[in-house]
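Per chain, numbering begins at 1; letters A, B, ... match sequence-line order.
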Protein chains: 2
Amino acid sequence: MERIVRKPRNRRKMQSVTMTDVAELANVSPSTVSLFLRKPDAVSPSASQAISRAIDKLNYVPNLMAGGLAAASSRAVSIIVPSVRNAFFAETVSAMQAALKKQRLQLILGHTEYDELEEEELVRMALSWAPAAIVLTGLSHSASTRRLLANVTIPVIEIWELGGPQIDSAIGFHHDQVGIAAAAHLIQQGRRNLVFLGARMHQDRRAKQRCDGFLQAARTGGAAAQVVEHPDTASAEIGAMLLSEALRLYPNADGIACSNDHIALGALFACNRLGVAVPERLAVVGFGDLSFSAACNPPLTTIRPSGDLIGREAARLIEDHLNGEKPERQLTIDTRFTLQHRRSS
Amino acid sequence: MERIVRKPRNRRKMQSVTMTDVAELANVSPSTVSLFLRKPDAVSPSASQAISRAIDKLNYVPNLMAGGLAAASSRAVSIIVPSVRNAFFAETVSAMQAALKKQRLQLILGHTEYDELEEEELVRMALSWAPAAIVLTGLSHSASTRRLLANVTIPVIEIWELGGPQIDSAIGFHHDQVGIAAAAHLIQQGRRNLVFLGARMHQDRRAKQRCDGFLQAARTGGAAAQVVEHPDTASAEIGAMLLSEALRLYPNADGIACSNDHIALGALFACNRLGVAVPERLAVVGFGDLSFSAACNPPLTTIRPSGDLIGREAARLIEDHLNGEKPERQLTIDTRFTLQHRRSS
DNA sequence: GATCAAAATCGTAGCGCTATGATTGGCCAT
DNA sequence: ATGGCCAATCATAGCGCTACGATTTTGATC
């Protein structure tokens with residue numbers, strides 16, 4: 001019972017419901033449905049109603065890949081940070097996501113773990129999505145990364161660092177100024193024997209910049225300034241170790257600045273255990289103003305960056321670009337920082 | 001000087017370099033390039049070499065949207081968490097991203113801020129990307145969300161909660177058991193007047209579950225158990241407030257469990273300020289084992305969940321599904337938790 | 001009732017890639 | 001030689017959508 005076998009090219013997929021289905025049900029052309037989805041105001045009220053009814057009824061979910069391919073751009077924004085476990089970047093990512101959601105833009109996330117090669121690979125993967133914008137952390141990137149980004153037409157935004165050559169726009173603040181502010185504050189409080197406690201400064205450029213700014217400003221201001229550091233990621237445990245070490249090496253230290261509040265928290269714990277009076281004997285200044293900083297014993301003086309503002313500004317930039325409002329590139333936005341003077345200094 | 005104006009349909013985009021360009025330079029057909037990119041072993045060594053040389057030379061970046069559209073699936077995994085500012089979810093997101101990178105899968109991130117409607121919208125947006133998998137937090141979702149996910153063929157993974165009806169697979173642990181473990185520990189330490197300090201429990205189901213488990217186990221174990229709570233997000237500041245309040249309301253309390261380590265940290269600060277001896281007068285148990293927990297004064301006894309294991313297991317599940325190895329659905333993986341007994345209890 | 005610009009709608013040609021099935025060439029057994 | 005088989009390669013037909021340009025409808029004005 002042999003038959004002539006047809007070979008109708010096998011279909012690949014079948015998205016359950018497509019725009020054409022919606023169009024049929026709403027009695028309009030697919031073009032109109034597409035238009036409605038992109039610019040609702042350009043479609044008559046009656047058609048709008050029919051279309052949105054059809055969408056609801058069919059539970060239609062547009063295929064963004066098809067849309068992106070046709071439109072040569074996607075509703076995705078790629079953000080590449082060292083790590084989202086770091087509260088600073090988590091805050092920025094969170095703020096950006098909240099702001100971008102209104103534009104129906106999605107965040108594609110990547111972690112470099114402070115590795116430039118990793119970053120390069122992530123940038124390559126990010127570009128594969130033809131994102132609406134790409135956000136990187138810091139101003140330091142591999143030559144290949146720069147090459148990849150040199151010719152893109154989308155906004156490239158570097159965040160959390162200012163003060164170096166930037167690819168396109170940059171949003172952040174000057175970390176050396178943070179160190180300078182910390183030193184100035186301690187000197188103003190009458191401290192003359194300063195120590196900077198730092199973690200992971202061989203990888204975290206920005207922590208290093210804060211440290212360098214601190215040292216320079218301290219010495220310029222007539223104070224002695226030393227560094228005690230640890231190669232691992234900042235934590236309270238390391239902060240405690242660093243403080244003990246600092247007091248051992250520099251017994252007459254009277255002012256401490258920390259690369260961030262985790263370190264400062266650990267330093268406060270150590271002072272507590274060692275019976276070192278803060279701020280009488282030792283003034284402590286942190287960086288970050290993390291969730292616990294105001295609640296410490298004593299409440300921690302710290303420098304507060306504006307992680308969420310960075311995220312919001314980045315989102316605004318992207319939004320403006322999308323609306324074609326701002327052709328200006330090479331923007332630099334200084335989000336500044338503020339010193340929160342509390343009882344630890 | 002008028003001319004006859006032609007109207008050759010305007011081109012939309014022009015990705016600088018496409019797969020066809022690579023194929024031409026390598027002297028093979030586009031199909032072979034595509035094959036090389038997806039299954040390098042199926043292409044002869046000579047062709048492989050020519051192709052990878054061409055890719056390098058042209059700096060070719062594949063267009064994942066075109067690929068995804070053609071293949072009816074994308075290299076994206078959507079993960080939806082309450083907030084990435086929460087260290088627990090940040091850890092999971094980070095671990096997942098690290099594991100997925102090896103598969104060249106990208107994470108698309110969404111934040112619900114503990115809002116089910118927000119989650120629903122995010123799920124809809126996520127599905128628009130035809131992701132390879134979708135990861136949600138917890139087991140509680142709106143009816144519409146469930147409907148959206150009912151008929152998808154990709155893995156749907158619910159994380160950080162076990163013990164309820166699940167959509168597909170679930171990876172996490174039982175939060176009531178965390179509460180039970182905390183109560184059992186305090187009772188074992190001879191405490192009989194217990195208080196649970198909780199934050200944001202009207203929104204954070206899992207904190208509520210820990211609380212409920214705690215209360216029930218405490219009472220079953222013959223101890224008095226009370227709750228003192230605050231509606232805002234957990235922080236050390238609120239922890240300190242809650243502890244003061246707890247001591248005011250229940251002056252003879254001798255054991256404290258906290259909805260997480262931020263609260264516990266604040267409680268320890270408050271004890272320190274109030275001169276309440278820990279653990280002599282008051283034992284304190286936290287949840288989370290955050291970065292500062294081991295460094296506190298005294299080091300904090302806490303229950304450590306396995307946020308990174310959750311992320312790794314989720315990635316493994318997705319990977320298995322992608323390789324077609326595991327058609328099994330409705331998997332449940334209990335990642336457990338461990339009690340870190342330190343000096344605060 | 002005719003005219004015309006503006007508003008609304010539509011038809012069509014791809015966007016860049018992958019899956020399918022077909023074809024080619026090389027090698028071995030007959 | 002001849003055929004058969006496998007590995008390597010290729011040609012083709014879309015995936016679902018958007019942008020463009022064209023067409024139709026509307027409604028205000030003469």
> Take atom CE of M65(A) and atom P of dT18(D), then tell me their distance rounded to the nearest Å.
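After rounding, the gap between these two atoms is 13 Å.
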> Do R147(B) and E120(B) meet the salt-bridge criterion of a basic N to acidic O distance under 4.0 Å?
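No, this pair does not count.
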> Does S44(A) place a side-chain N or O at less than 4.0 Å from the phosphate oxygens OP1/OP2 of dT9(C)?
yes
> Whole angstrom is fine here: how far is it from CZ in R75(A) over to P in dC17(D)?
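R75(A) atom CZ is separated from dC17(D) atom P by 16 Å.
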> Where the side chain of M19(B) is concerned, which of dC17(C), dT18(D), dT9(D) is the nearest nucleotide?
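Looking only at heavy atoms from C-beta outward on M19(B), the closest nucleotide is dC17(C).
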> Tell me, which of residues 28-40 of chain B have any heavy atom that sits under 4.0 Å from an atom in DNA chain C?
S31(B), S34(B), R38(B)
> Between E121(B) and K101(A), does any side-chain N to carboxylate O distance fall below 4.0 Å?
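Result for this pair is no, no salt bridge flagged.
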> Verify whether one side chain among E116(B) and S140(B) offers a donor that lies under 3.5 Å from an acceptor in the other.
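Distance-only check passes for E116(B) and S140(B).
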> What I want to find out is whether E319(B) reaches K102(B) closely enough, with some N-O distance under 4.0 Å, to be called a salt bridge.
no
> Between C1' on dC15(D) and CG on L64(A), what's the gap in Å once rounded to a whole number?
15 Å
> Are E118(A) and H111(A) close enough that a side-chain donor and a side-chain acceptor fall under 3.5 Å?
no
> Check the distance between dA8(D)'s P and N27(B)'s CG and give it to me in whole angstrom.
19 Å
> L69(B) has an atom CG; how far is it from atom C1' of dG14(D), in whole Å?
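Checked: the CG to C1' distance equals 9 Å.
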> Provide, to the nearest angstrom, the distance between the CG atom belonging to D41(B) and the C1' atom belonging to dT9(D).
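Rounding to the nearest Å, CG of D41(B) and C1' of dT9(D) are 16 Å apart.
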> If the condition is side-chain hydrogen bond (donor to acceptor under 3.5 Å, both in side chains), which residues does E161(A) pass it with, not counting sequence neighbours?
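Only R205(A), R206(A), Q209(A) meet the side-chain hydrogen bond (donor to acceptor under 3.5 Å, both in side chains) criterion with E161(A).
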> Using whole Å, what does the distance between atom C1' of nucleotide dG16(D) and atom CG of L127(B) come to?
16 Å
> Side chain of Y60(A), heavy atoms from C-beta onward: which of dC17(D), dC17(C), dT9(C) has the nearest atom to it?
dC17(D)
